[in-house]
Amino acid sequence: MSLSLFGAVDHCHAADDDSSVVTFESDIQPLLTRYGCNSGPCHGKSRGQNGFALSLLGFDSDFDYAALAREGRGRRVFPVAAKESLLLRKAVGQIPHGGGKRFEIDSPPYNEIVAWIQGGMLRTPEDAPQLVRVQIEPSSYSLGPKEQFALRVIAEYSNGFRRDVTEASAYQTNDKTIAAIAPAGDGIVQAGPIPGEAAIMARYMNHIAVCNVTIPLPGNVPDEAYAQLPVNNTIDELVWKKLKLLGMLPSAPASDATFLRRATLRIIGRIPTQEETKAFLADTNPDKKRILIDSLLERPEYGDFWANKWADLLRPNPYRAGIKSVWNLDAWLREAFRQNIPYDQFVRELLTAQGSTWNNGATVIFRDRPESIEIASSVSQLFLGVRLECAKCHHHPFEVWSQDDFYGFASFFSRVGRKGEGLSPPISGGEEVIFTRPSGQLLHGRTGLPVAPKTLTGVPLTLGPEDDPREVLAAWITDSSNPYFPKVMANRIWSEIMGRGLVDPVDDLRATNPATNEALLEHLSREFQQQGYDIKKLIRTIANSYVFGLSSVPTERNVSDVKNFSRYYRQRMRAEVLLDAVNDVLGVEEEFSAMPPGSRAMQLWTYRASSVFLDTFGRPDLNQDPPCERSSESTTPQILHLMNSPALNRKLSVDTARPAKLAASDKSNAEIVDELYLLIYNRNPREEERLAALEYLPEGDQRRRAIEDLFWTLINTPEFSFID
């Protein structure tokens with residue numbers, strides 16, 4: 001396989017074990033990846049670069065070998081005078097090269113390629129020992145800002161040989177401001193000036209290993225500081241353990257008012273009423289937070305709120321899938337969350353759904369995505385946290401999944417049958433019946449050959465006409481031995497309650513995107529599974545942790561933390577929640593098309609219901625293909641909408657709204673100020689706030705206008721629109 005592979009100790013070669021033999025798959029392709037030749041910005045993009053194309057990251061060895069050794073009449077490699085080969089002359093900068101100089105003359109990679117060309121440009125024999133895995137040493141490391149350490153990458157083969165491939169590996173970091181590979185790219189990790197964490201990925205021949213790097217905060221924190229931290233459950237223990245590793249300390253606990261507002265918004269998606277706020281703040285029961293959480297989980301709003309979240313991921317465009325079909329899917333989701341059906345049952349019912357799209361809402365996901373490769377990408381991402389989409393065309397750039405994995409998974413949907421009217425955008429009003437056909441096959445996108453169903457961790461399966469492939473897939477996905485299934489949902493629920501996922505994005509679980517607290521994610525997924533996939537129980541566990549009740553105000557020893565939950569992370573309300581909150585505090589109702597009077601934004605079953613407010617604050621684009629996570633970022637149009645919206649101004653000034661009723665009441669200005677703060681912020685005003693408001697509020701004819709202005713002012717603050 002290699003002359004020495006840059007100083008390797010052990011070797012594993014072709015059948016004759018001749019250490020002087022350099023072959024394409026074992027030695028040259030890793031170099032093309034190591035130096036970026038087959039990367040997306042270079043020759044690995046779909047049409048190549050300047051007439052020379054390689055498969056992305058070397059996923060197609062036959063294609064790459066032909067491109068180097070056969071295309072262009074052999075001008076890229078010249079066996080008679082190997083050093084004159086175009087491949088080498090461009091790489092060392094002897095002739096112009098868009099990618100610049102990649103290495104020096106007589107360097108180890110240069111000599112490796114020369115030896116390959118001179119040796120006849122051999123392929124690696126099929127009976128040669130196969131690469132089984134790569135390991136990285138160390139797998140984790142802690143160092144100070146701007147310090148360095150060396151990685152070692154070891155390749156393990158099927159015959160037991162181990163080989164040092166450190167200098168032939170390609171590296172990538174998930175946060176180069178924390179730690180990155182030094183410019184030489186030879187496995188030396190360079191820490192940045194900022195404390196934090198980073199994952200360093202090493203790739204060799206499409207096998208990946210990861211080293212987790214930690215740069216703690218400077219300064220010592222006594223062990224007693226961590227030993228004295230309150231612990232409500234295992235979540236707290238695991239968070240404190242991680243903070244100790246990083247040298248961070250948590251913020252103080254949030255106030256009762258903040259906790260009430262946070263818990264109510266996170267669990268049922270609405271702000272507390274004035275009466276609820278007064279009762280909670282006056283309650284002296286030390287167990288009142290736990291009682292609050294239990295009561296919220298039994299509220300009717302719970303089902304609508306969590307169904308609205310899943311509608312983002314599953315709800316199709318009604319003009320594409322049909323209005324009645326979309327309504328049925330929405331109704332199915334709401335009923336599932338109202339009944340709190342176990343999550344594994346929820347997923348099985350979706351994946352194996354059969355019947356009419358007008359009667360069984362779960363079938364609509366197959367109407368919206370009629371192609372096997374479409375539904376496969378969605379299912380793997382939603383329910384496994386595995387983004388297979390890239391592997392449809394080439395090997396996944398950050399994971400181990402190949403084209404074979406993608407088409408094997410997609411093949412589970414190759415026998416989905418349909419009767420009735422198919423899709424006919426922009427109007428698809430007809431009924432469609434989803435069923436399982438006795439036969440059907442999916443052809444591989446590259447080879448054109450039929451593909452047998454294959455799970456992501458298994459071998460191809462042979463299924464008979466009596467077997468439903470979707471039933472087999474659903475059984476594997478929800479099986480207790482499948483680590484992906486509980487983990488991605490536990491991470492999704494954690495993100496919805498805590499403001500950020502342990503893995504971010506929430507549905508991108510991979511070695512190169514590790515959890516910020518792997519032990520905590522493992523604990524949550526295991527507990528979720530052991531509790532029968534009960535979503536409410538998982539929410540209850542998270543909300544009852546001490547960590548959930550931390551203040552969002554940073555301290556000196558956690559001000560740089562954005563992912564380890566040393567404090568609570570503030571997040572803007574989602575569009576429907578904010579619109580309902582505005583209407584609640586103003587005492588008005590919204591009018592939505594296709595909805596009965598008095599409906600809340602959280603009850604909308606279609607994004608086609610017109611609302612400038614909801615569009616401005618980020619409800620999904622109905623023409624975007626799900627799954628689509630919402631952005632919680634604030635934008636200038638959002639600020640301007642709250643300040644200048646004619647619709648909001650009308651709500652403020654209408655005679656039946658709360659501002660007009662308060663102005664006409666016999667309440668004093670002081671009582672009105674207190675009520676506004678309880679309504680809008682769910683807390684009592686501070687003394688300086690009360691005095692400022694009273695100074696602004698006049699008596700007499702101008703009181704109503706001043707009260708409207710005060711409502712407008714408080715609604716236009718971050719404290720109102722953010723979950724703190």
For the residue pair Lys309 and Trp306, would you count it as a cation-pi contact if the rule is NZ or CZ under 6.0 angstrom from the ring centre and within 45 degrees of the ring axis?
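Verdict for Trp306: a cation-pi partner in Lys309.
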Answer yes or no: is there a donor N or O on one side and an acceptor on the other, between the side chain of [X] and the main chain of [Y], under 3.5 Å?
X: Ser169; Y: Tyr204; value: no
X: Asp507; Y: Leu382; value: no
X: Asn360; Y: Gln354; value: yes
X: Thr478; Y: Asp344; value: no
X: Arg418; Y: Phe366; value: yes
X: Thr173; Y: Asp175; value: yes
X: Asp405; Y: Ser402; value: yes
X: Gln441; Y: Pro450; value: no
X: Thr23; Y: Leu122; value: no
X: Arg415; Y: Asp467; value: yes

Reported [atom1]-to-[atom2] distance for the pair [X] and [Y], which is rounded to 0.5 angstrom:
X: Ser158; Y: Arg133; atom1: OG; atom2: CZ; answer: 10.5 Å
X: Ile434; Y: Lys419; atom1: CD1; atom2: NZ; answer: 11.5 Å
X: Arg510; Y: Asp508; atom1: CZ; atom2: CG; answer: 4.0 Å
X: His523; Y: Leu238; atom1: NE2; atom2: CG; answer: 6.5 Å
X: Ser378; Y: Leu388; atom1: OG; atom2: CG; answer: 11.5 Å
X: Glu349; Y: Gln345; atom1: CD; atom2: CD; answer: 4.5 Å

Grab the two heavy atoms, one from [X] and one from [Y], that are nearest each other, plus how far apart they are.
X: Pro486; Y: Ser525; value: CB-O, 3.6 Å
X: Ile136; Y: Ala202; value: CD1-CB, 3.9 Å
X: Gly499; Y: Gln571; value: O-NE2, 3.4 Å
X: Thr606; Y: Pro318; value: OG1-CG, 3.4 Å
X: Phe383; Y: Val488; value: O-CG1, 3.4 Å
X: Arg437; Y: Ser414; value: NH2-O, 2.5 Å

Can you tell me how the ring of Phe565 sits relative to the ring of Tyr569, calling it parallel under 30°, perpendicular over 60° and tilted otherwise?
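Phe565 vs Tyr569 ring planes: tilted.
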Side chain to side chain, [X] and [Y], heavy atoms closer than 4.5 Å:
X: Leu384; Y: Ile477; result: yes
X: Phe413; Y: Arg369; result: no
X: Asn308; Y: Arg574; result: yes
X: Leu68; Y: Leu32; result: yes
X: Arg540; Y: Leu297; result: yes
X: Leu524; Y: Leu502; result: yes
X: Val213; Y: Ser140; result: no
X: Met489; Y: Ile535; result: yes

Pick from Leu521, Val503, Asn174: which one makes a side-chain contact (heavy atoms from CB on, under 4.5 Å) with Pro514?
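With Pro514 as partner, Leu521, Val503, Asn174 yield a single side-chain contact (heavy atoms from CB on, under 4.5 Å), made by Asn174.
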Please identify which of these residues, Ile178, Thr512, Ile181, Val210, meets the side-chain contact (heavy atoms from CB on, under 4.5 Å) condition with Ile200.
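Of Ile178, Thr512, Ile181, Val210, side-chain contact (heavy atoms from CB on, under 4.5 Å) with Ile200 is met by Ile181 alone.
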Can you find a side-chain donor-acceptor pair between [X] and [Y] that sits under 3.5 Å?
X: Asp164; Y: Thr166; result: yes
X: Asp534; Y: Asn340; result: yes
X: Asp64; Y: Ser61; result: no
X: Arg470; Y: Thr436; result: yes
X: Glu197; Y: Thr516; result: no
X: Glu527; Y: Thr541; result: yes

Pair Arg500-Lys563, side chain to side chain contact (heavy atoms under 4.5 Å, CB included): steps then yes or no
CA-CA 7 Å; Arg500 187 194 190 280; Lys563 57 186 178 182; 3.5 Å; yes
Decide yes or no on side chain to side chain contact (heavy atoms under 4.5 Å, CB included) for Asp368 and Leu329, but give the supporting numbers first.
CA-CA 11 Å; Asp368 186 47; Leu329 174 58; over 6 Å; no
Is it the case that more than 12 heavy atoms not belonging to Trp358 sit under 6.0 Å from its CH2 atom?
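Counting neighbours around CH2 of Trp358, more than 12 heavy atoms of other residues, nucleotides or ligands fall under 6.0 Å, so yes.
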For atom OH of Tyr65, is the number of surrounding heavy atoms from other residues, nucleotides or ligands below 6.0 Å larger than 12?
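Correct, the count exceeds 12.
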Could you give me the CA-CA distance, side-chain angles and deciding distance for His444 and Asp404, then say whether side chain to side chain contact (heavy atoms under 4.5 Å, CB included) is met?
CA-CA 8 Å; His444 196 290; Asp404 293 343; 2.8 Å; yes
So does [X] pair up with [Y], basic N to acidic O under 4.0 Å?
X: Asp304; Y: Arg338; answer: yes
X: Arg266; Y: Glu496; answer: no
X: Glu431; Y: Arg367; answer: no
X: Arg162; Y: Glu137; answer: yes
X: Lys487; Y: Glu522; answer: yes

Test log, rule side chain to side chain contact (heavy atoms under 4.5 Å, CB included), inputs Cys211 and Val189
CA-CA 10 Å; Cys211 174; Val189 177; over 6 Å; no
Among Phe337, Trp310, Phe346, which one satisfies ring pair (Phe, Tyr, Trp, His ring centres under 6.0 Å) with Trp332?
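Of the listed residues Phe337, Trp310, Phe346, the ring pair (Phe, Tyr, Trp, His ring centres under 6.0 Å) partner of Trp332 is Phe346.
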